[in-house]
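Here the structure comes first, spelled out in structure tokens, and everything after it is commentary.
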Amino acid sequence: MSNDDHKKYGSASRHKLIVRIVAIVLAAVFVLMLASQIFLYALAVDADDIDALKAQQAALQAQAEECQTQLDALADEEAAAVEEYQLLEEQNQVLANQIDATTALVDSYDEQIESTAAELAQAESDYEDYYELYCQRVSQMEQGGSVTIWEAVFSSSTITELLTALEDMNTILQYDNSILQQMTDLEAEIAETQSSLTEAKEEQEAVLSQLQTEQDQMQANEDRAAAVLAEIEENIDLYAQQLASVTVECGDLEADILEAETLAAQQAAEEAARQAELEAQQAAEREAAAAAEAEAKAAAEKEAETSAQTDAGKGSNGQTSDAKEETSSGSGTDAESDSSEEETGSSSSSSNTSSSSSSSSSSSSASSSSSSSNSSSSSSSSSSSGVTGSDVVAYAVQFVGNPYVWGGTSLTNGCDCSGFVVSVYAHFGYSLPHFSGSLRYCGTGVSYSEAQPGDIICYDGHVGIYMGGGQMVNAFDTNHGIIICAVNTSRLVAVRRILT
């Protein structure tokens, strides 16, 4: 191989080397771009995530509004219950005052009856004493006492004296009779007074008995009103706790949404900056590649021109002219061949680069497709494994706001607490007894700390479905219907798990 051939071959080799270096650089840049895009995709905040957070926040806000509505209704009920309780309390106090007054009156009648009884006994004693004295005087006068009728007759010297003596004796007898009559009248009056007092006492005792009966009934009504008021206040506390919990969750979600939106905006700005930087870098690389290729072509053309001029100088020897021309022609052919080979090499290199990029892209796409397929397969497997507690809760909360009907099992037209649980689980093929006392023995018992969504929360005479986070959905009562409220652990008697 001649020196010119070596130069041509060396120039072509350098050109190929430069093209290959540029291709490698571009391929490396592409790989870095792809890797950075994958990394950014892994860290990026998806708009669907923000929408999901906003939907969750909207649901919590609706729940908070429902809690506030329930609190407003309970506040009205509490005001009415307080008014009723105070009215009963006042009425009960009035009855108590009447009972005290009647009791005092009965006691007064007892004292008066005792006093009249003593007066009557004294009058009877006085009457008996005076009557005995009267009898003795009469007997003395008739049978020969110190002053007798006969003595008056024989001792009187004149008729006038006799009449005077007899008149005096008659006056004494009339006086005694009047005294006895007054004493008899006094006894009768005292006896009548005692009878009237006894009758009045009996009437007041009857009134007192009636008042005590009314007081017992009034006290029972007051106790019931107090129990209703206590239950309303307990429900107010439960809804207030639930509202506070939901308010805190709403605040946390709002902070999460703000953080997610800020991060998304920051990532979008960073992505735009990276994209602009990448495009500028690619443009610079293309310009560098084009400049290198133009420099290589210019060097090759210059070498070819120098070689042609050298061959033309040597062709002045006539004997070798034809040979030189043939050689020159052959060299030109070789140069054309080299040039063609260089273009082919460049094209091959570019093709390889494109192929490499395409392969890398295909590989990334295949990997992404495989990952998506695996994820879909995993999700399908999870959802087809059977009913979950979350499925039960999601179905149950659809009926929040529907009415409470004692003994009912209709989730839309009305049901009671056990009918609600029975009907929800019947939707998933489970047959449970329509009685809260029996439900506390169904399934498997777990502690409240281990409770999961779908478990049955059992109180004494009430049941509901646990939602998680200390919340339960249940048919509460006729005033509230089907609602979501906090679990009252002080009333909890059992937690039963139906799903296994």
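When a residue number appears, it is its place in the shown sequence, counting from 1. Only heavy atoms go into these numbers, but all of them, side chains included; no hydrogens, no water, no symmetry mates. Keep in mind that this is a model prediction, so the values were computed, not measured.
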Strictly distance-based, threshold 3.5 Å: is any side-chain N or O of [X] a donor or acceptor partner for the main-chain N or O of [Y]?
{"X": "Glu77", "Y": "Asn479", "result": "no"}
{"X": "Ser125", "Y": "Ala121", "result": "no"}
{"X": "Asn402", "Y": "Leu411", "result": "yes"}
{"X": "Thr116", "Y": "Ile113", "result": "yes"}
{"X": "Ser423", "Y": "Thr409", "result": "yes"}
{"X": "Tyr441", "Y": "Arg496", "result": "no"}
{"X": "Asp391", "Y": "Thr388", "result": "yes"}
{"X": "Asp455", "Y": "Val495", "result": "no"}
{"X": "Thr213", "Y": "Ser209", "result": "yes"}

Quick one: do the [X] and [Y] side chains pair a donor with an acceptor below 3.5 Å?
{"X": "His434", "Y": "Asp416", "value": "yes"}
{"X": "Asp126", "Y": "Gln122", "value": "yes"}
{"X": "Gln112", "Y": "Ser108", "value": "yes"}
{"X": "Asn488", "Y": "Glu234", "value": "yes"}
{"X": "Gln61", "Y": "Glu65", "value": "no"}

| field | Full working for side chain to side chain contact (heavy atoms under 4.5 Å, CB included) between Asn221 and Glu84 | value | CA-CA 10 Å; Asn221 293 337; Glu84 181 180 3; over 6 Å; no

Closest non-hydrogen atom pair, [X] against [Y]:
{"X": "Pro433", "Y": "Val422", "value": "O-CG2, 3.3 Å"}
{"X": "Leu95", "Y": "Glu214", "value": "CD2-OE1, 3.4 Å"}
{"X": "Cys458", "Y": "Arg440", "value": "SG-CA, 3.6 Å"}
{"X": "Val393", "Y": "Pro453", "value": "CG2-CB, 3.9 Å"}
{"X": "Gly464", "Y": "Asn474", "value": "CA-CB, 3.8 Å"}
{"X": "Ile483", "Y": "Val400", "value": "CA-CG1, 4.2 Å"}

Quick one: does [X]'s side chain get under 4.5 Å of [Y]'s, heavy atoms only?
{"X": "His480", "Y": "Tyr239", "result": "yes"}
{"X": "Ile465", "Y": "Ile457", "result": "no"}
{"X": "Tyr85", "Y": "Glu222", "result": "yes"}
{"X": "Gln98", "Y": "Leu208", "result": "no"}
{"X": "Ile236", "Y": "Gln70", "result": "no"}
{"X": "Gln242", "Y": "Leu238", "result": "no"}
{"X": "Val392", "Y": "Tyr466", "result": "no"}
{"X": "Tyr109", "Y": "Thr198", "result": "no"}

Whether over 12 other heavy atoms sit under 6.0 Å from [X] [atom1]:
{"X": "Gln212", "atom1": "CD", "value": "yes"}
{"X": "Gln398", "atom1": "CD", "value": "yes"}
{"X": "Glu233", "atom1": "CD", "value": "yes"}

Pairwise distance [atom1]([X]) to [atom2]([Y]) - rounded to 0.5 angstrom:
{"X": "Gln194", "Y": "Glu189", "atom1": "CD", "atom2": "CD", "answer": "13.0 Å"}
{"X": "Asp110", "Y": "Ser115", "atom1": "CG", "atom2": "OG", "answer": "12.5 Å"}
{"X": "Gln57", "Y": "Asp252", "atom1": "CD", "atom2": "CG", "answer": "10.5 Å"}
{"X": "Thr247", "Y": "Gln63", "atom1": "OG1", "atom2": "CD", "answer": "10.0 Å"}
{"X": "Leu492", "Y": "Tyr448", "atom1": "CG", "atom2": "OH", "answer": "7.5 Å"}
{"X": "Gln219", "Y": "Gln91", "atom1": "CD", "atom2": "CD", "answer": "12.5 Å"}

| query | Hey, are Arg491 and Asp460 close enough for a salt bridge, meaning a charged N less than 4.0 Å from a carboxylate O? | reply |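 No, this pair does not count.
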
| Criterion side chain to side chain donor-acceptor pair (under 3.5 Å) on Asn235 and Glu231, from CA distance to verdict | CA-CA 6 Å; Asn235 291 334; Glu231 183 178 0; 4.5 Å; no

| task | Give a yes or no on whether the ring-centroid distance for Phe428 and Tyr395 is below 6.0 angstrom. | result | yes

| task | Give the intermediate values and the outcome of side chain to side chain contact (heavy atoms under 4.5 Å, CB included) for residues His462 and Ser436. | result | CA-CA 6 Å; His462 188 69; Ser436 61; over 6 Å; no

| field | Check against side chain to side chain donor-acceptor pair (under 3.5 Å), Gln241 and Asp237 | value | CA-CA 6 Å; Gln241 293 174 5; Asp237 291 339; over 6 Å; no

| query | When you look at Tyr430 and Val424, which way does the side chain to side chain contact (heavy atoms under 4.5 Å, CB included) test go after all the steps? | reply | CA-CA 9 Å; Tyr430 291 87; Val424 168; over 6 Å; no

| task | Under the side chain to side chain contact (heavy atoms under 4.5 Å, CB included) rule, what do Trp406 and Asp477 come out as? Steps first, then yes or no, please. | result | CA-CA 9 Å; Trp406 189 86; Asp477 58 18; over 6 Å; no

